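Heads up: the structure comes next, in structure tokens.
Computed from a predicted structure; not experimentally measured.
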Amino acid sequence: MELRPVRPAGWWLDALLVAGFVVITVLLAAKTPLLHVDTAVRDFVDAHRPGWLDTTLRWFNKLGQGGQVLTPLALIVAFFMSRARHTVRPFLLVVGAFALTYVTIGPLKVWTDRLAASEHKHAHPEYLFYVDGGLSYPSGHVVNAIVWYGVLATLLSGVLRPRLVAAIRYTIPLVLLFTTTYLSFHWITDGLAALLLGLFLDRLLRRTPWDAIPLGGRLIRSGWAGPFYDAEPATQAPARMTR
């Protein structure tokens, strides 16, 4: 199966995203001065957070709840798009996104074992691979936002205008990066690492040839196995693009 095109083309950006995530993780585990950046940002936002803004941003932060909000929303959109295009293939993307986030976010949080910024009040705490029960690194809200709003943007790209699709894909993840840091739910490096990981996962999902995945003969005979993603004008790549 031939991979679908992404922008920018090639694997060089994917390699940079993974390398950036590894570098941040290693620097934190090695107790480098990067820890002081986390502390400085946490102390600054704690000292400059009025009550009304705290309440407002907590509502915005709910936009990144994967299992409670984003996954059900993606399933609902996939259902309507499946009915409109008479194909089950929209659900393949949702299942793929769920599986990919499940095998990455949770295990990484358990492995790195980091407490959230709001839970650690020491001036210079030992951040990574240290405190039992920590589940802060990387920020699940940010990764979920990038992956799941990317799924929604892909599902709706044949319905909404391209600028609105781009806004869905990129604006809300940036809002989540800001809210989780400003509310001290996460250290700033939790969010930055999640940004790199989320973009990498999003590119993997966009590359996957969902329309070429074999489905059962019963679905094929019933007419519910037709193309969905490559049939959308908004997602067709120009001829000059390379894989």
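- Under a cut-off of 6.0 angstrom, the local environment of CZ in Phe60 is sparse, with at most 12 non-hydrogen atoms contributed by other residues, nucleotides or ligands.
- Nearest heavy-atom pair, Arg4 versus Trp210, reported as atom, atom and distance to 0.1 Å: CD-N, 4.4 Å.
- Side chains of Tyr149 and Thr171: no donor on one and acceptor on the other come within 3.5 Å.
- Within a 6.0 Å radius of CZ in Arg161, no more than 12 heavy atoms belonging to other residues, nucleotides or ligands are found.
- Counting all heavy atoms, side chain and backbone alike, Met81 lies closest to Leu155 at CE-O, 3.5 Å.
- Rounding to the nearest 0.5 Å gives a distance of 10.0 Å between OG1 of Thr104 and CG of Leu204.
- Note: Asp38 CG to Thr189 OG1 = 3.0 Å, rounded to the nearest 0.5 Å.
- Here the side chains of Thr87 and Pro227 are not in contact, with every heavy-atom distance at 4.5 Å or above.
- Interatomic distance, Leu17 CG to Leu197 CG, rounded to the nearest 0.5 Å: 9.0 Å.
- Separating the CG atom in Leu176 from the CD1 atom in Ile146 is a distance of 9.0 Å, to the nearest 0.5 Å.
- Looking at Leu13 and Phe200, their side chains never come closer than 4.5 Å, going by heavy atoms from C-beta outward.
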| Taking it one step at a time, do Leu63 and Val69 satisfy side chain to side chain contact (heavy atoms under 4.5 Å, CB included)? | CA-CA 7 Å; Leu63 295 172; Val69 176; over 6 Å; no

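- Contact annotation: the side chain of His141 never approaches that of Phe185 to less than 4.5 Å [non-hydrogen atoms, C-beta and beyond].
- Residue Leu16 is grouped with residue Leu199 when hydrophobic side chains (ILVMFWY) are merged at heavy-atom distances under 4.5 angstrom, including chains of intermediate members.
- At a threshold of 4.5 Å between non-hydrogen side-chain atoms, the residues Arg58 and Thr55 do not count as touching.
- Going from atom CG of Leu177 over to atom OH of Tyr182 covers 14.5 Å, rounded to the nearest 0.5 Å.
- Closest approach of Lys31 to Ala29, counting heavy atoms only: NZ-O, 3.0 Å.
- Hydrophobic clustering of Ile, Leu, Val, Met, Phe, Trp and Tyr side chains at less than 4.5 Å, counting indirect connections, unites Val143 with Trp111.
- Taking the side chain as every heavy atom from C-beta outward, Leu92 and Val88 never approach each other to under 4.5 Å.
- A donor-acceptor contact closer than 3.5 angstrom links the side chains of Ser136 and His186.
- The shortest side-chain heavy-atom distance between Pro138 and Phe21 falls under the 4.5 Å cut-off.
- Under the 4.5 Å side-chain heavy-atom criterion for ILVMFWY residues, a single connected hydrophobic cluster contains both Leu201 and Trp11.
- At least one side-chain heavy atom of Val142 sits under 4.5 Å from a side-chain heavy atom of Thr180.
- Separation of atoms CG (Leu183) and CG (Leu57) is listed at 5.0 Å; rounding is to 0.5 Å.
- Smallest separation of non-hydrogen atoms from Trp148 and Thr71: CZ2-OG1, 3.4 Å.
- The hydrophobic cluster containing Trp12 also contains Val18, counting ILVMFWY residues as joined when their side-chain heavy atoms lie under 4.5 angstrom apart, directly or transitively.
- Here the closest non-hydrogen pair linking Ala97 and Val151 is CB-CG2, 3.7 Å.
- The two residues Phe91 and Phe79 make their nearest non-hydrogen contact at CZ-CA, 3.5 Å.
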| CA sep, side-chain torsions, deciding dist, call: Arg169, Thr154, side-chain hydrogen bond (donor to acceptor under 3.5 Å, both in side chains) | CA-CA 9 Å; Arg169 183 181 293 277; Thr154 301; 3.0 Å; yes

| Verdict with reasoning, Leu70 to Val147, per side chain to side chain contact (heavy atoms under 4.5 Å, CB included) | CA-CA 10 Å; Leu70 295 178; Val147 170; over 6 Å; no

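- With hydrogens and angles ignored, the 3.5 Å screen pairs a side-chain donor or acceptor of Arg89 with a backbone N or O of Gly226.
- No side-chain donor from either of Ser139 and Asp190 sits under 3.5 Å from a side-chain acceptor of the other.
- Side-chain atoms of Ser184 do not come within 3.5 Å of backbone N or O of Ala117 as any donor-acceptor pair.
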| said: Working note: Leu28 + Arg114, criterion side chain to side chain contact (heavy atoms under 4.5 Å, CB included); need CA distance, chi angles, decisive distance, verdict. | reply: CA-CA 10 Å; Leu28 293 174; Arg114 190 186 202 191; 3.7 Å; yes

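- By the rule that hydrophobic residues join a cluster once side-chain heavy atoms approach within less than 4.5 Å of another member, Val22 and Val37 end up as members of one cluster.
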| request: Step by step, work out the side chain to side chain contact (heavy atoms under 4.5 Å, CB included) result for Arg49 and Phe44. | output: CA-CA 9 Å; Arg49 188 167 57 239; Phe44 177 83; over 6 Å; no

